[in-house]
Every structure is written in C-alpha cells, then in structure tokens.
Asker: 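Dropping the structure in here first, questions after.
Each chain gets a letter, A, B and so on, in the order its sequence line appears, and its residues count up from 1.
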Amino acid sequence: MPRIVVDVMLKPEILDPQGKAIAGALPRLGFTSFEAVRQGKRFELTVDGEVTEEILAQAREAAETLLSNPVIEDVVNVEVVED
Amino acid sequence: MPRIVVDVMLKPEILDPQGKAIAGALPRLGFTSFEAVRQGKRFELTVDGEVTEEILAQAREAAETLLSNPVIEDVVNVEVVED
Amino acid sequence: MSTELPLIGDYSTPTNELSGARIGVVTFPGTLDDRDAARAVRASGAEAVSLWHADTDLQDVDAVVIPGGFSYGDYLRAGAISRFAPMMSKIADAANSDAKLPVLGICNGFQILTESHLLPGSMIKNDHLKFICRDQLLRVENNQTAWTNGFEAGQEITIVLKNQDGQYVADEKTLDELEAENRIAFSYVGWNPNGSRRSIAGVSNKAGNVVGLMPHPEHAIEVGFGPDARGTDGLTFFTSVLTHLVGGKK
Amino acid sequence: MSQEATKEFNIDTVDNAAGTPDVELPWAELGLKDNEFAEIVKILGRRPTAAELAMYSVMWSEHCSYKSTKNHLRQFGQKVTDEMKKDLMVGMGENAGVTDLGDGWAVTFKIESHNSPSYVEPYQGAATGIGGIVRDIISMGARPIAVMDPLRFGAIDHEDSQRVVHGVVSGIGGYGNSLGLPNIGGETVFDPIYQGNPLVNALAVGALRHEDLRLANASGVGNKVVLFGARTGGDGIGGASVLASESFDDTKPSKRPAVQVGDPFAEKVLIECCLELFKASLVEGIQDLGAAGISCATSELASNGEGGMQVELTNVLLRDSTLTPGEILMSESQERMMAVVTPENIEAFEAVMAKWNVEYSWLGEVTDTDRLIITWDGEVIVDVDPKTVAHDGPVYDRPYARPEWQDALQADTFKSSEAGKNLPATGEELKAAVLELIASPNMCDKSWITNQYDRYVGGNTALAAPDDSGVVRIDESTGLGVAIATDANGRYTFLDPYAGAQLALAESYRNVATSGAIPAAVSDCLNYGSPENPDVMWQLAEGIRGLSDACMELGVPVTGGNVSLYNQTGDKPIHPTPVVATLGKFDDVARRTPSGWREEADGQAIYLIGT
Ligand SMILES: Nc1ncnc2c1ncn2[C@@H]1O[C@H](COP(=O)(O)OP(=O)(O)O)[C@@H](O)[C@H]1O
C-alpha cells in the first residue's frame with residue numbers, strides 16, 4: 001500500500017534539547033564529523049488505494065494541524081512513497 | 001551546510017502507541033483517507049564541508065548503533081541533503 | 001545529630017554496615033533515584049557506594065544498582081546514551097564474568113540494561129502515552145534470582161510505578177523463551193499500567209544475577225514514605241541480594 | 001571598532017550615543033512610556049545606546065520592576081512584628097525568602113506565574129514555568145526538594161481547553177518529573193473567566209544548611225563573573241524583534257523564537273552542578289537567569305554588591321550567532337545561571353563544570369567603579385549605574401476606586417436568582433444536588449492529573465495528593481520537614497477582594513495546620529487584570545491590604561512571591577486570584593496527619609471543630 005511520509009522538524013530558531021543530547025554523545029562514541037544534530041518526527045500515513053491529489057491535500061492539512069505544532073515546528077516534507 | 005538525514009521507524013511488528021493515537025484522532029478531524037499511521041524519528045546531522053563516503057559510513061554506523069535500537073527499530077533511510 | 005541531604009557521590013552517612021556488603025549505585029547525568037537507591041541499600045544493612053558513569057573503577061562492589069531517572073533526558077530513547085558510558089562496559093563485563101556480579105536495573109536502569117543487551121526486549125512509550133505514577137501490585141514470578149530470593153514464588157507485592165516509557169516489548173520468540181526459562185521476574189497484577197507484553201514488569205538474564213524491572217522497589221522501603229504510606233515490600237529486593245552474596249538460597 | 005563589526009550590527013557605542021542625540025529609538029515598541037524614556041535620558045545624561053535601551057526596557061517592565069504594585073507590596077514588609085521576623089533569614093526582595101527550620105537547617109520557597117506563555121504554548125509554557133521557579137530556589141544555595149502547581153483553566157468543555165489543560169499538565173509533569181522533584185500538591189480549577197487566560201502558577205521549595213545560603217550579589221574587586229548552563233538563543237525576545245532596529249539598517253536578523261523550549265535534562269544537571277559549587281564554597285554570589293536574562297543578572301548582581309561590574313558580551317556562548325548585543329542582553333533562554341567566583345577558585349569551578357559537562361564562559365569581573373560596563377569587542381555599549389536599572393525603576397501610584405458595580409455584584413445572591421428559587425427542598429432533591437456538585441469538574445477526583453506527576457522521587461514525601469497539604473521530610477535522621485498548601489478562590493475574591501485574599505490565606509493556613517505543621521511563612525502569586533484599569537487596581541490594592549492584614553493577624557510573614565498583571569481576554573479581566581502558599585514546620589514529619597480516615601479501623605469518632 002502506498003504511504004505518505006510527513007517530516008516535521010523543530011523550527012531552526014527553537015532549542016532542540018534532543019538533538020543537543022545526541023550531538024553531545026556522538027563524539028564520545030568516536031563519531032566526530034557532525035557539527036550539529038536535530039531530531040524531528042517522521043510520520044507514515046498508509047493509504048488504501050491510489051494517492052489522489054485530494055488525499056495528498058488531506059495529508060498536507062493533517063500535517064499542518066495535527067501532526068505538527070506550528071508554534072514550534074515546521075512541516076519540512078510531505079511525499080508519497082510507493083512500496 | 002549539507003545534512004545527512006537518518007530516518008528510524010519502529011519495526012512493523014511492534015505496535016506503535018503514538019501512531020495508533022494519531023490514527024484514532026485523524027477521522028475525528030475529518031481526515032478519513034488513512035488506513036494506518038506510524039510515527040518514527042528523523043535525525044538531521046549537519047556536516048561542515050563535503051559529505052565524503054567515510055562520513056556517510058560514520059552516519060550509517062551511528063544510525064545503527066546510537067540512533068536506533070535494533071531490537072525494536074529499523075533504520076529506513078540514510079541520505080544526504082544539500083541546501 | 002542532623003545529616004545533610006547527600007550530594008551525589010557522598011553516601012557516607014548514615015551507614016550501617018552490618019553485612020559488610022558494598023553495593024554500588026550508578027549515577028548518570030539525569031539520574032534521579034540514585035539517592036533513594038542508596039538509602040534502600042543502607043536500609044537493608046549494606047554500604048552504598050557511589051559509582052560515576054564516566055569512571056571505570058567498580059570499586060570492588062559486591063553488587064550494583066542502576067537506578068531510575070531520565071538519564072540524558074531520555075531524549076533519544078530511554079537509556080540509549082547511558083548505555084555507552086564507560087562504567088556500563090565495566091558492569092556488563094562483571095555481570096557476564098564468572099563472578100556474575102548481581103545487577104539490578106530499576107526503571108531507567110532497566111531501560112539501560114536492555115539497551116546494553118544485558119536483558120532482552122525493550123521499552124516503548126506507555127500505551128496510553130502518559131506518564132503514570134501509582135502504587136502498583138506485582139506478582140513475583142521468579143524467586144530464584146539474586147534480587148528476588150527473599151520472596152515467595154507467586155507472592156504479590158506493592159511497590160511504586162512511575163514512568164513514561166514503560167511498555168515492555170519483545171518479539172514473540174523472545175517472550176516465549178522468557179516464559180519457558182522462567183525469566184519473567186515480575187508481572188503486573190490487576191491492571192497492566194503501560195500495555196507491556198504479557199504484563200511483564202521485570203525480567204532476568206539466564207543466570208539470574210541481572211534483573212530489571214520498571215517499578216521502583218527503592219520507593220517502598222520505609223513506613224510513611226512509600227505506597228499506601230505503609231508498604232515496605234521493596235526492602236526484600238535489597239535483602240535478597242545480601243542473602244545471595246553470603247551464599248544463601250540462590 | 002572594526003569595520004566588519006560595525007557593518008554587521010552597527011554597534012551603538014556609548015560614544016556614538018553621546019554624539020548622535022537625535023537618533024530615533026524604538027522605545028515605545030519596547031514597552032517604555034515617554035516619561036520613562038525621558039527618565040532614562042535624564043539618568044544617563046544622554047540618549048541610551050541600543051543595548052542600554054534593551055536593558056532598561058526589560059528591567060523597567062511591569063514584570064521585572066513591579067512598578068504598579070511596589071507601593072502596595074510594601075505593606076508585606078511593614079505589617080510585621082519582631083516575633084514574625086524571628087525565624088526569617090532572608091525576607092522579600094531576594095530570589096526567594098529563607099526561613100530557619102532549626103538544627104542548622106533552613107527552607108526557601110516561592111510561587112510564580114507562567115500564565116501567558118502557557119496559553120500560547122501550553123506544554124512548553126508550563127514546563128519552563130517549573131524550570132524558572134526551581135532556578136530561583138537553587139540561586140539561594142538550596143537543593144530543590146519539591147514542586148506544586150496551582151492551575152486555573154477555562155470551562156472544561158470549551159473546545160480550546162483540551163489543548164491547554166493537557167498541554168499544561170504534561171508540561172509540568174514532563175519538566176518536574178525529569179528533575180526528580182516530587183510534585184506534592186496544587187489546585188485545579190475550571191471557570192470560564194480563565195478561558196483565554198489560564199493561570200499556571202508554579203511553586204518550588206528547597207532546603208539548605210545555614211552556611212550554604214547564597215545571595216545574588218557581586219562583591220570583591222577582581223572576582224570573576226561567569227555565565228554557565230545552556231547557550232544563549234533568541235528566546236523570549238519575541239517574534240520579529242523590534243531590536244532589529246538596533247542595526248538601524250536593512251539587515252534583518254534571523255527569526256526569533258516566539259516561545260521558549262525547556263530542557264529539563266540541562267536543568268537537572270545544573271542543579272547537581274550548583275550544589276557541588278555550594279558545597280565546596282566555590283561561588284561568592286549567584287543569580288538565576290529568568291525574565292530579562294543577562295540584563296537582570298548583571299544589573300542585580302552589580303547593584304546588590306559593592307562596586308561595579310565589567311562584562312565583555314562577545315564572550316557569551318550563543319546558540320544563534322545572529323543575535324545583536326541588545327538581544328543577547330534581553331534573551332530569556334532557559335537553564336542558565338550567573339555566578340561570581342574568586343580567581344583562586346576558577347580552577348575548581350571549571351573542574352565541576354567539566355564533571356557535569358556544563359558549558360560556561362567567563363564574561364568579566366567585579367570592579368571598584370560603581371558602574372556596570374558592558375563592552376562588545378572592547379567597545380563600551382553599556383555604561384550605567386546598575387541601581388538605576390535594577391532598583392530605581394519607575395513607581396506608579398495608579399488610580400483605583402471601588403467599582404460602581406461592586407454593590408450590585410454583592411447584592412446579587414444566588415437565592416434571589418432564577419435558579420435559586422429552586423433550592424433543593426426534599427431529600428431526593430438534596431441528593432441530586434449533592435451528586436451534581438461532586439460531579440462538577442472542580443470537585444471531582446484530580447488523580448487523572450496527579451497520577452501524571454511523580455510524587456515519590458526523593459523518598460521523602462510524607463503527604464501529597466490527595467491530601468490537603470504536601471509534606472516533605474528534609475532531615476532523615478530527625479524527621480524535620482515542612483508542609484505546604486496553596487489555595488485561592490477567585491470567585492470569593494471577586495465578590496470581596498479584601499476578604500477573598502484573606503480567605504485564601506486562611507485556607508492554606510488551615511490546610512497546613514491540619515496536617516500537623518506549625519505555619520511559618522507565606523508566599524503569594526497575585527494574578528490580576530490590568531493595573532491601568534482602576535477597578536482592577538482597586539481589587540489589587542484591596543487584595544494586598546487584606547493579605548498583609550491577615551498575615552499580621554495570624555503571625556506569618558510573607559517571604560516572597562510574584563505579581564502577574566494584565567491577565568485578561570480583550571477587556572475582560574480574570575477574577576482577582578491571589579494564590580497563597582503557606583509553609584509550615586515539622587520537627588518530625590512522622591507526626592503528619594493525612595486528610596480523611598485512612599486506617600481501616602471502625603469506630604473512630606468524627607468531630608466538627610470551629611464555627
Ligand atoms: N494541579 C495539581 N497539581 C498537583 N496536585 C493537585 C493539582 N490539582 C489538585 N491537586 C491535588 O489533588 C488533591 C485534591 O485536590 P482538590 O480536589 O482541589 O482538593 P480540595 O478540594 O480538598 O482542595 C489535593 O491533594 C491537591 O493538592
């Protein structure tokens with residue numbers, strides 16, 4: 001079944017404590033090539049049948065209203081993935 | 001600066017309580033086109049400079065060891081995004 | 001004489017070293033229940049020894065408690081970052097060595113033990129998605145471990161449960177194995193407070209020296225400060241390990 | 001100044017300000033009134049620099065300067081007897097008051113509001129409310145030992161309430177639980193009057209040994225000033241910062257966050273780190289960074305100490321490199337502290353930071369000048385008498401009068417209303433009425449909230465929900481401890497602002513007393529509407545008069561608190577809601593008395609005591 005992937009990240013100007021904790025841990029494990037880390041959310045919405053424009057529009061709206069908190073987060077990506 | 005995106009999802013056989021809650025909420029908000037929802041994590045690792053093969057390999061290793069727990073999660077994607 | 005609230009790393013007073021046993025209590029950044037675990041150790045008659053996550057010296061402790069909290073904020077996954085602490089590799093080595101160092105992981109400590117693969121399975125968010133704090137009824141399923149030998153098999157006890165990511169998950173094969181090998185140490189009685197598979201509240205490793213559970217025995221050791229304001233069922237965890245250490249029943 | 005730096009920020013130096021008296025400054029956008037701006041010019045003898053303007057505007061805000069209430073709040077300090085002051089080690093005016101408990105122990109507690117941020121972003125607003133009040137407690141040299149959260153929401157069935165209620169409750173739990181502080185009580189009230197303006201008050205209590213008491217002052221010429229904890233970001237400067245005009249050209253700064261995100265892990269580490277600093281006596285003075293950030297910390301430390309302070313602002317570690325100097329001074333980034341350290345202790349201080357992996361930067365030092373001098377890359381951008389920033393802000397005697405409608409309001413009894421005509425008469429009706437009452441959201445079981453809070457962590461909680469007051473033990477060997485209860489009734493206080501405030505005190509006092517403790521100190525959070533409205537100002541004046549009279553009558557001093565004004569939706573103010581927290585002492589918490597009968601023993605006698 002096709003899925004719509006929605007990616008949500010904290011707005012760049014907002015503190016990301018999760019990313020900060022990971023960024024602190026990486027070098028201790030020998031991963032030294034990364035300047036910064038930010039952690040966001042990935043949602044996979046499964047669609048039964050074809051992903052029409054209308055369904056995609058629904059996903060976009062759900063992304064903006066339910067899946068993200070527009071006060072602190074941005075929807076960075078909405079895309080269809082076929083299996 | 002280029003970023004490496006790592007996507008991590010719970011293994012399909014593990015029930016996802018957050019995805020389930022969202023799947024329950026969607027129809028109440030009028031979004032009725034989605035069969036199922038799963039919530040995962042998206043990490044963005046910023047690299048200062050070029051993303052070499054070696055750095056990408058580091059990211060893959062970090063994804064498998066730190067960013068995901070193989071007992072319950074799968075790394076579903078590691079890719080480079082240029083801005 | 002009054003005593004001060006001990007700083008982390010300073011459990012020197014008051015001690016009561018009846019048994020002479022030294023039990024380590026590990027502190028990670030973000031650990032919360034370390035002083036409580038140390039108090040429980042002292043209440044059982046042993047000496048509490050502070051172990052710092054970044055150190056590598058086990059200080060000759062006879063057993064280790066990995067207490068609860070939100071190490072590294074639990075931001076990535078509960079226990080995910082702590083698992084890589086230098087002290088954890090020492091503990092893992094000692095737990096797997098012939099000496100079979102007894103290790104008890106409570107809540108975040110349990111999560112760290114699963115992330116370290118010292119115990120099977122993992123924990124995800126509670127099925128109701130909320131933090132929950134309650135007095136929890138448990139059944140002791142296995143009283144043959146280093147930390148449960150003071151209980152009767154099947155005994156029901158009440159200790160404190162408080163967590164956000166307490167839903168125990170593992171694949172069916174692992175769960176079957178755990179059951180077959182009698183490694184489910186505790187299960188929830190009455191209500192499953194977080195949706196854990198097969199109502200599992202705690203498990204042990206094969207040898208029975210490593211035990212992890214979500215609820216908090218260290219919060220049920222003193223009348224007036226625990227579940228129902230009366231319960232002290234948690235104390236038996238700590239006296240069990242002393243019995244174990246002096247070669248009592250397994 | 002290098003050409004580069006000029007271009008980037010157009011640094012407005014003191015020299016530049018002196019030479020360009022006519023530059024337009026965005027003082028009005030920053031919330032200053034024209035008389036206040038004129039006063040700043042008079043104090044400085046020239047126009048302020050952009051950075052100075054930033055400092056004065058935040059420090060002279062209602063929130064930081066108490067300009068509308070200062071004249072009234074004085075009563076808390078005046079209506080006290082020597083007896084009331086006996087156990088008071090630190091009174092009002094510091095970050096939190098400190099009360100002697102005996103045996104070398106002291107306790108500090110304070111209640112504060114985070115109302116408006118919690119409406120905008122409930123989870124983070126409430127979370128950072130807990131974070132802020134806990135840092136106040138740390139800055140006294142104490143270990144925080146518990147939190148409480150008196151909450152007021154709009155109607156439970158209003159469409160927006162779900163967002164606010166669940167966000168606030170999980171924010172308080174999310175932050176408090178992660179700090180390892182038991183939540184030992186609070187209140188939850190639903191009333192449509194708080195619909196667009198929920199009240200999220202947070203209380204923290206801490207314990208300390210007498211010798212660990214620390215105050216916010218910078219003394220000792222040559223001592224170093226250090227900022228530690230989280231990095232400084234654009235938090236709390238607000239959407240499109242008007243300080244963009246600090247760069248007086250078209251280079252727009254990057255976006256500033258509209259809300260602050262809390263990092264409870266960073267705060268937990270900060271707590272442990274500060275306690276190690278205190279134990280080893282490594283800091284001379286310490287101040288938490290809350291509202292008004294570095295502006296507040298530097299000016300308060302400097303004005304409370306002897307001498308002045310010199311600070312190089314480019315040393316501040318930033319999360320966002322586009323911040324202008326004024327923005328850095330105003331930033332409200334969470335989880336930061338500022339301390340004064342002697343040169344001999346620098347190494348030991350840095351070792352503690354390294355152990356806990358906490359970032360820090362040395363900003364400057366204490367000087368013998370009486371001036372607070374802040375430089376940017378060596379150029380002086382602030383040169384002020386710190387007292388004028390921190391203490392000598394404007395004070396207003398706002399007009400107030402008993403509203404014309406107050407009589408009608410008081411006359412309007414339930415009995416004379418339509419519904420009142422149907423007072424329950426028969427036993428059946430009475431039963432129905434009682435059932436209706438206890439099913440109301442304000443009366444029903446609150447465990448759906450309190451079960452999301454850790455009440456056990458620390459192992460010292462002797463009473464928490466559902467008891468009338470929370471009780472925590474402080475000293476394990478003796479059982480020494482404290483009881484705290486918070487109470488308020490906005491409806492009573494609306495009906496009679498004087499008596500309502502007294503009733504809030506009376507209730508929390510009773511709750512503490514019935515738990516078995518001896519009431520010893522009071523902290524209050526005064527939640528009111530706009531002081532520019534004479535009706536509201538009257539409610540406020542009456543509330544403070546009532547509370548201070550009642551404190552005198554009961555013999556308990558107010559040791560600190562917080563005023564939250566402008567709580568209104570449109571023109572409609574909330575009910576005046578003075579939330580009062582009473583702290584009581586136990587020499588042994590083993591003697592605490594729970595509410596209700598818990599022992600399963602039949603035949604216990606029930607008495608009704610009082611009038
Ligand atoms: N927001 C809250 N946070 C913590 N405790 C709370 C909160 N709301 C209510 N409680 C606790 O729940 C219990 C019952 O509260 P409430 O119904 O308001 O009691 P009462 O009517 O006796 O004041 C009390 O112990 C109170 O401290």
Asker: Is there a side-chain contact between C:Asp33 and D:Tyr456, using heavy atoms and a 4.5 Å cut-off?
Answerer: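 SC-SC contact between C:Asp33 and D:Tyr456 ruled out.
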Asker: Exactly one of C:Phe28, C:Tyr72, C:Phe70 should register a ring-ring contact (aromatic ring centres under 6.0 Å, His included) with D:Phe265. Which one does?
Answerer: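 One option only clears the test, and that one is C:Tyr72.
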Asker: For residues D:Val457 and C:His219, report the shortest heavy-atom separation together with the two atoms involved.
Answerer: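 Looking at all heavy atoms of both residues, the closest pair is CA-CE1, 3.7 Å.
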Asker: Given heavy-atom pairs under 4.5 angstrom as the criterion, report whether the side chain, backbone, both or neither of D:Leu179 touches chain C.
Answerer: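 The answer is the backbone of D:Leu179.
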Asker: Any idea which of D:Pro264, D:Gly173, D:Ala590 has the most non-hydrogen atom pairs under 4.5 angstrom with chain C?
Answerer: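 Ranked by heavy-atom pairs under 4.5 Å with chain C, first place is D:Pro264.
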Asker: Would you give the length of the straight line joining atom NZ of C:Lys162 to atom CG of D:Asp454, rounded to the nearest 0.5 angstrom?
Answerer: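 It is 3.5 Å, given to the nearest 0.5 Å.
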Asker: Apply side chain to side chain donor-acceptor pair (under 3.5 Å) to residues D:Asp263 and C:Tyr75 and explain how you reach the verdict.
Answerer: CA-CA 10 Å; D:Asp263 182 350; C:Tyr75 290 149; 2.6 Å; yes
Asker: What pair of heavy atoms forms the shortest contact from D:Asn177 to C:Leu32, and how long is it?
Answerer: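 Heavy atoms of D:Asn177 and C:Leu32 come nearest at O-CD1, 3.0 Å.
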Asker: Taking the six-membered ring of C:Trp52, is the NZ or CZ of D:Lys355 close enough (under 6.0 Å from the centre) and on axis enough (within 45°)?
Answerer: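 Yes; both conditions hold, so D:Lys355 lies above the ring face of C:Trp52.
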Asker: Please look at D:Val589 and chain C and tell me whether the side chain, the backbone, both or neither of the residue comes under 4.5 angstrom of a heavy atom of that chain.
Answerer: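 The side chain, not the backbone.
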Asker: Under 6.0 Å from the CD atom of C:Glu156, do we count more than 12 heavy atoms belonging to anything else shown?
Answerer: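 Yes, enclosed.
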Asker: Determine whether C:Ile132 and D:Gln452 make a side-chain contact, defined as any pair of heavy atoms from C-beta on separated by less than 4.5 Å.
Answerer: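 Not touching, per the 4.5 Å side-chain cut-off.
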Asker: Flag the pair D:Arg455 / C:Cys133 as yes when at least one side-chain heavy-atom distance between them is below 4.5 Å, and no otherwise.
Answerer: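 Sidechains of C:Cys133 and D:Arg455: in contact.
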Asker: Indicate yes or no: does C:Glu222 engage D:Arg473 in a salt bridge with an N to O separation below 4.0 Å.
Answerer: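 Here C:Glu222 pairs with D:Arg473 in a salt bridge, since their nearest N and O are under 4.0 Å apart.
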Asker: Could you tell me which portion of D:Thr461 (side chain, backbone, both or neither) has an atom closer than 4.5 angstrom to a non-hydrogen atom of chain C?
Answerer: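 Backbone of D:Thr461 only, per the 4.5 Å heavy-atom cut-off to chain C.
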Asker: Checking C:Arg39 side chain against D:Gly458 main chain: does a donor-acceptor pair fall under 3.5 Å?
Answerer: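 Indeed, once roles are kept as given, a pair shorter than 3.5 Å links the two residues.
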